[in-house]
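Take a look at the structure below.
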Amino acid sequence: MADTMRAFVAVERGRFEVQDVPIPEVGDDDILIQLKSAAICGSDVHIYDGGMDPLCGYPVIMGHENAGVIVKRGKNVSPKWQVGDRVTSENTVEVCGSCYGCITGEYVTCEHRRGMGIAADGILAEYVRIPGDILRLVPDCIFKIPDNVSFEEAPLLEPAANGYKAVFQEGRMMAGEYVIVSGAGALGLYSAHMAAIGGAARVILLVRTSTAKDKLETARKLGVTDIIYSDEPEKSLEAVHQLTGGYGADLAIETTGVPAVLDLGLHMLHVRGRMVRIAINNTPYQYGLDSLTLRSIELIGHMGYNTVSWLNTIHLAQQGKLDLKSIVTHRVKLEDVKRGFDLMVSREAGKVLVEFD
Ligand SMILES: [Zn+2]
Ligand SMILES: [Zn+2]
């Protein structure tokens, strides 16, 4: 094995390059994965477009949605993990093991969590190390990829697991419910898909009228039954009233981060409805919240996934019930990954896959 690898590095704010960097060293407790495929996430784009700096500072290797093969394992690594295993990492590389999040098994909410591509080196590189410390604390921070799931599909298990957690674990969706999903990005589309898989009576997608036609076609393919428009709020409220038998929806999944859309979604719920907010956007929310109190609405924060979200998402993929790849619109090579980010920034791309060869 050579000493260096190609990696897409955030060198400083606004400067990104594919560079030669050292291949991570593998200690007795660590695993080394050779990447076979990756996908670009909206949160990676936040760093690329300067909206956010990596929490660990610069330079850092970008990216977290991944699939690859174990090529090295330290001598103390559990026999569960063998060289040649096809795996995907859920992208946590460090947690403290003792905070409230960690002791209750919700390690993605660990105050000290370091995630790939944001607080530690990521996966837009030929190799990535999974440190022994995280394997000891969270043995299931990597998952075997089922045989029927391709390397191209496997990186998409990560955003799909987010959708799973939002809809079923946080949103507590029941079959037969009316669900609203705002936003047609990856998290919006996977949430809508999960709601459809789980037996929602209707999956209503709330988007801007300018949303690209191909995204809406994908949304329909994934199980969206109705499309309504956030820039036509009165019409959309009336449509939801009609579609839900006059009461309003049971559950809303908010992925846009736009305060006006969150507010509109809250008004589309019936009393005691639930909203899960997936979005990251710190714009202050400028509306009064009394209707939340008076109508007993639950507003629930979303963070990532837990092991149950991952396992169940993998089961759905294994059983052929999950369409992971319809949202992919573009493919780029690692050497050309900047183009993939530019396509995401310009909103030309929905989801960009990164190919390694
Ligand atoms: Zn992601
Ligand atoms: Zn912790």
Side-chain angles (χ1 to χ4, degrees), residues 8 10 35 37-49 51-52 54-55 60-68 88-124 128 131 133-143 152-166 183-191 193-194 253 255 257 278-281 302-307 309-310 313-314 317 322 324-325 327-329 337 340-341 344-345 349-354:
F8 184 57
L35 276 299
S37 172
I40 302 175
C41 178
S43 61
D44 304 326
V45 176
H46 281 317
I47 294 178
Y48 185 76
D49 69 12
M52 173 178 152
L55 302 175
V60 66
I61 299 172
M62 300 274 289
H64 63 267
E65 297 176 4
N66 65 85
T88 177
S89 153
E90 67 83 282
N91 83 55
T92 302
V93 292
E94 189 180 312
V95 291
C96 75
S98 57
C99 73
Y100 189 79
C102 284
I103 63 166
T104 53
E106 297 285 340
Y107 53 88
V108 292
T109 57
C110 173
E111 298 153 46
H112 307 285
R113 172 176 182 264
R114 293 201 307 137
M116 289 174 176
I118 168 92
D121 276 336
I123 52 76
L124 287 173
V128 67
D133 279 349
I134 188 75
L135 287 164
R136 185 172 47 76
L137 285 167
V138 187
D140 281 304
C141 67
I142 56 177
F143 299 90
E152 291 199 327
E153 292 167 303
L156 304 166
L157 289 164
E158 198 259 7
N162 270 274
Y164 183 94
K165 189 182 187 210
L187 294 178
L189 293 179
Y190 283 128
S191 297
H193 192 34
M194 288 295 181
I253 308 289
T255 74
I278 296 189
I280 297 274
N281 175 355
H302 164 91
M303 177 59 196
Y305 27 67
N306 58 21
T307 305
S309 335
W310 269 92
T313 300
I314 289 171
L322 194 57
L324 286 165
K325 63 184 173 196
I327 77 161
V328 174
T329 56
V337 69
F341 276 88
M344 296 275 289
V345 171
K351 195 74 175 170
V352 178
L353 270 192
V354 185

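One-based numbering, in listed order, for ligands and for the atoms of each. A quick note: this is a predicted structure, and the numbers were derived from the prediction, not measured.
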*Taking the N/O/S atoms of Glu158 one by one, which is nearest to the Zn ion (ligand 1)?*
OE1
*Are any of the side-chain heavy atoms of Thr92 and Val138 separated by less than 4.5 Å?*
no
_Heavy-atom pair of closest approach, residues Ile278 and Ser191_ = CD1-OG, 3.7 Å
*Are the side chain of Lys351 and the backbone N or O of Ile40 linked by a donor-acceptor pair below 3.5 Å?*
yes
*With the Zn ion (ligand 1) at the apex, how many degrees lie between SG of Cys41 and NE2 of His64, rounded to 10 degrees?*
100°
*Does any N, O or S atom of Asp44, backbone or side chain, fall under 2.8 Å from the Zn ion (ligand 1)?*
no
*asked:* To check your reading of the site, what angle at the Zn ion (ligand 2) do SG of Cys102 and SG of Cys96 form, to 10°?
replied: 120°
*asked:* I want to check something: taking the side chain as every heavy atom from C-beta on, are Glu90 and Tyr107 in contact at a cut-off of under 4.5 Å?
replied: yes
*Any idea how Tyr305 and Trp310 line up, ring-wise: parallel (<30°), tilted (30 to 60°), or perpendicular (>60°)?*
perpendicular
*Angular separation of Cys110 SG and Cys99 SG about the Zn ion (ligand 2), given to 10°*: 110°
*Please find the N/O/S atom of Glu65 nearest to the Zn ion (ligand 1) and write down its name.*
OE2
*Using 2.8 Å as a strict upper limit, say whether an N, O or S atom of His112 approaches the Zn ion (ligand 2) that closely.*
no
*Partner of Glu94 under side-chain hydrogen bond (donor to acceptor under 3.5 Å, both in side chains), chosen from His112, Arg114, Arg113*: Arg114
